[in-house]
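In this chain, residues are counted from 1 in sequence order. FYI, side chains are in, hydrogens and waters are out, and symmetry mates aren't considered; it's all heavy atoms of this structure.
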Amino acid sequence: MMTLAVATVVGATSFSPHWAGAVSNQDIQEKRNEINHIQSKQSSVQNQMNKADQEIERLQTQQAKLAEEIKKLDMAVEETSGKIRSLSQDVNQTKQDIEALKREIAEVQERIEKRNELLKERVRSLQQSGGVISYLEVLLGSQSFSDFIDRVSAVTTIFEADKQIIEEQKADKALKEKKENELATKLDNLQKDLKELEQLKQTLNSQIAQKDKLMASLKQEEQENHEKKMALAEEKELLAKQEAAMKAQLQQMLAKKQAEEAEAKRRAAALSSSSGGHSSSSSSSNSHSTSSAGTNFSANTPPVTSGVFMRPANGPITSGFGPRGGEFHYGVDIGKRAPEVPVVAAADGYVFRSYYSTSYGNVVFITHLINGQVYTTVYAHLEARLVSEGQTVKKGQIIGYMGNTGQSEGAHLHFELHRGPWNPAKSNAVNPLNYVNF
C-alpha cells in the first residue's frame, strides 16, 4: 500500500490541504474509514446495477413471450378474417340465391294462381251442369256401347286432368315452402356463424390491444431500468473519482505525518547533541495564503474573502436550502444577473469530477480537506467548465461560467456544500449559508 501511496502523492503534489497542527493517527484512521465507506457505497451501487441488469433481462424475456403470444393472436385474427371473408361471400351468394328463388317462387306462384283459376272454372262448370249428374247424363246418353266406352274414357280423362292439376298445385306449393325454408335456414345459419366470427375477431383484437398495452408498459419499464442503470453507472463513476481523491488526501496526510515524525526526530537529535546550547529554528508553517497565484480574474468575479469558504458566484440567492415543491433542495441557487457570470472555487481543493450530467448539466465536484475535515462542493448547471478531473484549484479560481444546462429552469448556479464525502442520498449536505458569507 505504501508503494501505491507514494505514486498517488506524486500525482497530487500540487494539492495542498491544510491541517491545524500535526496529523494524528486518528485523522488517518478517520480518512481510511471514509475511504472504506465510499468503497462500500460503490459495492452497493454495483449490486443495484446487477439487479437492474437482472430486471432488464426479466423484462426482455417477458417481452419475448408476449411477442410470441401476440404473433399467435395475429395469426388467429388472420385465420378468422379469412373465414369471415369466406362466410361473407357465402352470405352474399345465398342472398343472390334467395333473390333467384324469389323470382322462381314468383313463377310458381303465377302457375298456382293460373291453376286456381282453372280449378275455379272447372267447379263453376260442374255447378252449372249439375255436378256429377252431368257426367252420368253424358254416360247414359251414349247411343251404343262403343259410344259409351268413348264417353267413359273422356270422363276419366277429365277427372285425371283435374287430379293432375291438383297434384301439381300441391307439389308447387310444397316446393315453394321447402325452398323458402331451406334458404331461410341457410341464411340464418350463415349470418349466425358470421356474427360469431365477427365477435371472435373483436375478442382477438381486444386481446391484442391489451397485450400491446402490456408490451408498451414492459418497454417503458425496461427503458426506466436502463435509465436507472445509467444513473447508477454515473453515480459509481463519481464515487470512484471521489475515492481516488480521498486516497490522494490520505497519502498526503501520511506523507505529512512522516515528515512531522522525521522533523521531530531531527529536533530531538539536535537537542540531545547540544548541551544547554540555544537552538533557534525557523519553521515554515503550512498556513494557507489567499494569493492570486493560479487564480483567474474576470469582470463580475467575486472577491476572495477571509474565512474557510467564499461565495462561488455573484448574484442573489433565488432558492435556499431545504424543502421546496414537495422535495428537498440540497443546496442554494444563485441567480444570473449579468450576461457572463464567472463561477469560482469556494476553497482550495481537488477536482475529482468534471463532466456533463443529465440532471446537473455541466457540473464540477471539488473535494476539500480543511483542518482535517473533508468537505465537498458541487457547482451545477454551468454553461462551461474550465477545470478538468485531477486538477487542483485555489480559492477564488474561476472554474466555469453560470449557465442553464441539465434539468434547470432558468440560468443560475446550483451550489451544494457537503460536510464529508458526497453520497447519493446527500446525507452530508449542509446549508451553505452557515458556512459562506453571502
[X] atom [atom1], over 12 foreign heavy atoms within 6.0 Å:
| X | atom1 | result |
| --- | --- | --- |
| Lys195 | NZ | no |
| Glu57 | CD | no |
| Gln46 | CD | yes |
| Asn33 | CG | yes |
| Glu327 | CD | no |

Tell me the closest heavy-atom pair linking [X] and [Y], and the distance in Å.
| X | Y | answer |
| --- | --- | --- |
| His368 | Asp348 | ND1-O, 2.6 Å |
| Ile398 | Val387 | O-CG1, 4.4 Å |
| Val341 | Ala313 | CG1-CB, 4.3 Å |
| Lys395 | Val304 | O-CG2, 3.9 Å |
| Leu413 | Ala380 | CD1-O, 3.6 Å |
| Ala425 | Tyr330 | O-OH, 4.0 Å |

Does the [X] side chain pair with the main chain of [Y], one donor and one acceptor, at a distance under 3.5 Å?
| X | Y | answer |
| --- | --- | --- |
| Ser354 | Glu389 | no |
| Arg324 | His329 | no |
| Asn428 | Trp422 | no |
| Arg311 | Phe438 | yes |
| Ser86 | Gly82 | no |

[X] side, atom [atom1]; [Y] side, atom [atom2] - distance, nearest 0.5 Å:
| X | Y | atom1 | atom2 | value |
| --- | --- | --- | --- | --- |
| Arg266 | Leu271 | CZ | CG | 9.5 Å |
| Ile399 | Leu382 | CD1 | CG | 6.5 Å |
| His381 | Ile334 | NE2 | CD1 | 12.0 Å |
| Ser408 | Met402 | OG | CE | 10.5 Å |

Looking at [Y] and [X], is any side-chain nitrogen of the basic one under 4.0 Å from a carboxylate oxygen of the acidic one?
| X | Y | result |
| --- | --- | --- |
| Glu263 | Arg267 | yes |
| Glu55 | Arg58 | yes |
| Glu261 | Lys265 | no |
| Arg103 | Glu107 | no |

Determine, step by step, whether Tyr356 and Thr405 satisfy the side chain to side chain contact (heavy atoms under 4.5 Å, CB included) criterion, reporting the C-alpha distance in whole Å, the side-chain angles of both residues, the deciding distance to 0.1 Å, and the verdict. CA-CA 9 Å; Tyr356 182 88; Thr405 57; 4.2 Å; yes

Between Phe321 and Phe328 (judged by ring centroids, cut-off 6.0 Å), do the two rings come close enough to count as a pair?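 Ring centroids of Phe321 and Phe328 are less than 6.0 Å from each other.
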
When Ile366 is tested against each of Phe352, Tyr375, Tyr379 for side chain to side chain contact (heavy atoms under 4.5 Å, CB included), which residue passes?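 One option only clears the test, and that one is Tyr379.
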
Would you mind telling me which of Gln407, Arg353, Glu416 makes a side-chain hydrogen bond (donor to acceptor under 3.5 Å, both in side chains) with Tyr360?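 It is Glu416, the one option of Gln407, Arg353, Glu416 that forms the side-chain hydrogen bond (donor to acceptor under 3.5 Å, both in side chains) with Tyr360.
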
Partner set under side-chain contact (heavy atoms from CB on, under 4.5 Å) for Gln54, not counting sequence neighbours: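 Partners of Gln54 under the side-chain contact (heavy atoms from CB on, under 4.5 Å) test: none.
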
